[in-house]
Amino acid sequence: MSALTFDKSELGNLEYSLQREMLATDRIGGYMSTTIVCCNTRRYHGLMVAPIDDSDRTYVLLSALDETIIQHDQTFNLALHRFQGTYEPRGHKYITDFEYTPTPTITYRVGGVILKKEMLWIHKRTQLMIRYTLVDAHSETRLRLRPFLAFRDKHALTHANMEADGHSYPAVNGVKCRLYGSFPWLYLQTSKPGAEFVPAPDWYYNFEYRQDIARGYDGYEDLMTTGYFETELKKGESIIFSASLDEMGSTKTIEEVFGGSIARRTHKIDFISCLEHSARQFVIRRPGNRTEVVSGYPWHGVSGRQTFVSLPGITLWQNHKEDCIDALDTQVRGMQDGMFAGNASAAAAADAPLWFFWTLQRLEAQIGAKKIWKHYGEAMKQVLESYKRGVAGRVALNDNGLVWASSDEVPLTWMNSVIDGRSVTPRNGYQVEVNALWYNAVRYALRLAGEAGDTKFVKAWEKLPERTAASFNELFRLPEGYLADCVGCDGANTDIRPNMIVACGLPYKMLDEQTQLEVIRTVRQHLLTPKGLRSLSPRNPLYKGSQEGTPAERDFAGKNGSVWPWLLSFYVSACFDIDGDAFLPQAEEILAGFEEDIQTYGIGSIGELFDADPPFAPRGAISQAWSVAAVLDIYGMILARKPEETPGKSEKPTKKANPKTAKAAKNVGKEEVAAKAVKAVKAVKAVKPAAKAAAKRPAAKKTTEKKTTEKTK
């Protein structure tokens with residue numbers, strides 16, 4: 001049983017199938033991504049997109065693989081490509097089934113021939129394997145496999161040229177190809193001895209990528225094929241195609257690698273297990289002992305801000321604290337002059353280093369305060385001192401205890417879209433979320449330092465939080481009850497934006513309960529949607545509800561209306577702090593609102609953002625780290641308050657929350673709630689092995705055990 005089900009009758013409908021994209025990663029920076037009918041609609045699609053060196057760049061090596069069935073001298077091409085104005089061939093009409101778990105699997109039927117294709121990305125190495133099984137056939141059947149090569153940066157497009165090497169060179173039961181000398185060899189091999197490779201180099205012209213064109217980009221490229229494999233298949237026989245940067249030593253090795261890898265694949269049987277699988281795909285291991293977080297697939301790279309914001313949700317709820325620690329250590333090792341490097345520096349992102357403290361607060365629930373201070377205390381102190389000294393002439397702590405961030409060159413907050421060299425949302429000055437994070441960071445560091453006996457640090461910093469809080473309330477609280485988005489040289493910006501919810505959703509807050517209620521009420525009235533928070537109130541004349549259009553139009557809408565799921569976890573956290581258990585029904589409804597999204601757009605994951613107007617269509621990257629993290633965070637918050645139930649099922653409570661319990665919950669510290677959530681998740685995970693064992697028992701004993709399995713997952 002899987003949470004991912006697809007309408008078999010609609011697979012041949014391109015309006016249905018081309019809107020659903022699949023993703024598989026190798027955990028070292030490479031991925032496979034295409035639509036569920038294997039028709040590439042973006043330049044970022046490909047069967048093998050991988051790094052080839054120590055840089056952060058990735059390259060489309062193998063773009064597509066065409067399969068052709070040959071019977072009675074007739075050919076039936078199972079592939080689907082879009083060329084200018086037409087689809088050719090139209091192999092989607094032969095598709096009868098698609099399954100996503102344990103690995104993407106497509107079933108084709110051509111007359112009496114049934115062919116099953118299982119697509120498998122191998123973890124921890126750059127290798128794609130596809131197993132073809134001839135399920136049924138009533139006469140001699142041959143299978144032809146034609147690879148299409150790109151060998152270009154994933155952000156670029158390639159075109160026919162004289163420099164490309166169209167030759168194929170011998171390899172074990174296959175060939176190796178390399179279009180350009182600066183690339184490594186790509187080994188194309190099969191598991192069937194004697195499978196013939198027929199050299200036939202040629203360019204195919206004008207593949208059309210409709211999603212790129214719709215997004216306002218060039219969407220045409222040419223691809224090279226160096227030839228094709230062809231072999232006879234008997235009924236029930238399988239052949240494995242392997243594309244790898246490493247040569248497989250024998251056909252037996254190919255079979256063993258495929259068999260071992262597919263046996264280790266997890267079954268995505270429910271909503272939460274799908275998101276847990278998606279979360280693991282963002283954490284990658286790179287050369288040089290680097291552990292990084294990919295912000296989003298297929299086109300985003302590594303962002304310091306999104307790394308810190310995403311880490312708790314994508315690692316800690318699954319008890320993968322080692323991944324979290326390794327990613328944090330990678331950032332800490334790169335520090336220079338007391339500040340993180342690259343886009344994790346306050347010089348590029350004023351808030352990014354402050355999210356580091358928030359991540360540590362979440363990690364503390366698993367490793368304890370003493371270890372946090374011992375391991376990261378020096379880095380915490382250096383970051384705070386950097387703000388006090390000032391960073392790159394852009395960010396500085398002022399005498400009023402607030403952080404001022406301003407730059408004419410680059411936007412310094414997450415609202416960082418630029419059109420024609422100008423910021424879409426100018427926010428120079430005191431930003432509400434930056435200063436909320438600053439206060440939280442200082443208070444957290446003071447607590448840990450006090451517990452560790454670091455009296456020197458405590459004495460130097462203990463008076464600052466009170467001054468920061470007083471200045472914050474004086475400048476940011478508006479007569480209307482909510483908070484200014486930022487305060488600059490021209491005074492307070494009163495646009496209703498979601499950044500103020502961060503000030504209510506952090507462990508340490510500067511706001512009294514009444515102000516928190518006003519902020520939550522404003523957010524609920526203007527910004528809350530089933531998919532996240534709008535980036536601007538619809539009542540604002542700058543508001544734009546759709547994310548469609550040119551890059552400039554989309555950049556404008558992205559920060560002036562579009563819905564962002566990552567902010568939703570702070571809204572839920574703030575509501576729990578105020579309402580306690582009474583907020584459980586609403587939290588479960590929010591969680592349930594994402595269940596449909598894992599079957600559309602990015603299969604098994606949550607996209608980057610959504611349109612601000614109904615029906616809230618998904619936009620941007622098909623799988624975004626902080627979107628997945630936010631939904632898993634909400635799951636964890638629910639689980640912490642009702643660990644005996646599985647919130648992934650989004651069941652309503654059987655009775656109303658006790659008002660006394662809700663009131664008491666307000667006084668529970670955020671770090672304590674996080675610790676409870678981790679224990680609850682561990683308890684649920686401890687039940688899973690027993691549930692799996694139960695599933696293997698005789699059918700007569702399965703009735704109640706099946707319920708247990710569904711419940712614990």
Side-chain angles (χ1 to χ4, degrees), residues 351 400-404 413-415 425-440 443 465-530 532-543 545 559-564 566-580 582-583 586-587 589-590 612 659 662-663 665-667 670:
D351 57 323
N400 61 2
L402 298 177
V403 171
W404 179 276
T413 73
W414 79 276
M415 290 190 155
T425 49
R427 304 182 71 216
N428 285 340
Y430 301 121
Q431 299 86 9
V432 62
E433 78 280 13
V434 172
N435 281 283
L437 287 161
W438 169 252
Y439 177 83
N440 179 71
R443 283 284 306 273
E466 184 178 354
R467 186 162 72 249
T468 301
S471 299
F472 184 89
N473 279 278
E474 179 184 352
L475 293 180
F476 283 93
R477 290 179 62 176
L478 300 174
E480 296 84 354
Y482 63 94
L483 301 180
D485 186 58
C486 63
V487 180
C489 296
D490 297 329
N493 183 311
T494 60
D495 291 345
I496 297 177
R497 296 189 180 275
N499 303 301
M500 58 183 165
I501 198 64
V502 175
C504 301
L506 294 171
Y508 293 103
K509 318 179 205 299
M510 295 178 280
L511 305 174
D512 59 36
E513 188 171 293
Q514 183 58 39
T515 304
Q516 293 176 55
L517 283 168
E518 292 292 340
V519 170
I520 291 172
R521 186 178 298 118
T522 302
V523 168
R524 187 176 293 153
Q525 179 181 357
H526 293 265
L527 306 176
L528 182 64
T529 77
L533 301 187
R534 294 185 178 98
S535 47
L536 183 65
S537 168
R539 297 182 184 179
N540 193 297
L542 296 177
Y543 173 84
K559 305 304 188 296
N560 284 301
S562 296
V563 168
W564 295 82
W566 78 272
L567 292 158
L568 200 54
S569 63
F570 294 93
Y571 169 78
V572 172
S573 177
C575 291
F576 270 132
D577 284 353
I578 292 295
D579 295 334
F583 186 69
Q586 293 96 310
E589 184 177 350
I590 288 170
K663 185 175 181 180
K666 296 178 186 178
N667 301 318
K670 189 71 61 67

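Every heavy atom of this structure was used, including side-chain atoms; hydrogens, water molecules and symmetry mates were not.
Here the side chains of Asn493 and Val487 are not in contact, with every heavy-atom distance at 4.5 Å or above. Between Asn560 and Arg497, some side-chain heavy-atom pair lies under the 4.5 Å cut-off. When side chains are defined from C-beta on, Val502 does not count as touching Val432, because their heavy atoms never get closer than 4.5 Å. With contacts defined as side-chain heavy-atom distances shorter than 4.5 Å, the pair Cys504/Leu511 qualifies. Side-chain contact between Leu542 and Leu536 is present, with at least one heavy-atom pair separated by less than 4.5 Å. Within the 4.5 Å cutoff, no side-chain heavy atoms of Arg539 are placed close to those of Ile496.
Note that the CG atom of Leu528 and the SG atom of Cys575 stand 8.0 Å from one another [nearest 0.5 Å]. For the atom pair OH (Tyr571) and CD1 (Ile520), the distance works out to 7.0 Å, reported to the nearest 0.5 Å. Once rounded to the nearest 0.5 Å, the distance linking CD of Glu480 with OG1 of Thr494 reads 6.5 Å. Interatomic distance, CG of Leu475 versus SG of Cys486, reported as 11.5 Å (0.5 Å rounding). Distance CG/Asn440 to NZ/Lys509: 8.5 Å, rounded to 0.5 Å.
Ser537 and Leu527 get closest at one heavy-atom pair: N-CD2, 3.6 Å. The two residues Gly401 and Thr468 come nearest to each other via the heavy atoms O-OG1, 2.7 Å. Taking every heavy atom of both residues into account, Pro498 and Leu567 meet most closely at CG-CD1, 3.5 Å. Closest approach of Gly505 and Ser573 over heavy atoms only: O-OG, 3.4 Å. Scanning both residues, Lys559 and Thr425, for their nearest heavy atoms gives O-CG2, 3.6 Å. Shown here for Ala484 and Ala492, the closest heavy-atom pair between the two residues is CB-CB, 3.9 Å.
Partners of Arg524 according to the salt bridge (Lys or Arg N to Asp or Glu O under 4.0 Å) rule, which considers only residues two or more places apart in sequence or in another chain, do not exist here. Partners of Pro538 under the side chain to side chain contact (heavy atoms under 4.5 Å, CB included) rule, at least two apart in sequence or in another chain, are Arg534, Tyr543. Under the ring-ring contact (aromatic ring centres under 6.0 Å, His included) criterion, Phe570 pairs with Trp355, Trp358, sequence neighbours left out. Applying the salt bridge (Lys or Arg N to Asp or Glu O under 4.0 Å) test to Arg477 and every residue at least two apart in sequence or in another chain returns Asp512. With sequence neighbours left out, the ring-ring contact (aromatic ring centres under 6.0 Å, His included) criterion links Trp566 to Trp414, Trp626. Take Phe472 and apply the ring-ring contact (aromatic ring centres under 6.0 Å, His included) test, not counting sequence neighbours, and it matches Phe476. Looking at residues two or more places apart in sequence or on another chain, you find no side chain to side chain donor-acceptor pair (under 3.5 Å) involving Tyr482. Checked against side chain to side chain contact (heavy atoms under 4.5 Å, CB included), Pro465 has the following partners two or more places apart in sequence or in another chain: Tyr439, Val442, Arg443, Leu446. Every residue two or more places apart in sequence or in another chain that forms a side chain to side chain donor-acceptor pair (under 3.5 Å) with Arg521 is listed here: Glu518.
Although no hydrogens or angles enter the test, the distance criterion places a donor-acceptor pair under 3.5 Å between the side chain of Asn435 and the main chain of Gln431. In this structure, Ser562 contributes its side chain and Ala612 its backbone to no donor-acceptor pair below 3.5 Å. Using modelled atom types, one side-chain atom of Asn473 and one backbone atom of Ala469 make a donor-acceptor pair closer than 3.5 Å. Put simply, the side chain of Ser471 never gets that close to the backbone of Leu402: no donor and acceptor are under 3.5 Å apart.
Within a 6.0 Å radius of CD in Gln525, other residues, nucleotides and ligands contribute more than 12 heavy atoms.
Among pairs with a residue in residues 481-495, those fulfilling salt bridge (charged side-chain N to carboxylate O under 4.0 Å, His left out) read Arg427-Asp485, at least two apart in sequence or across chains.
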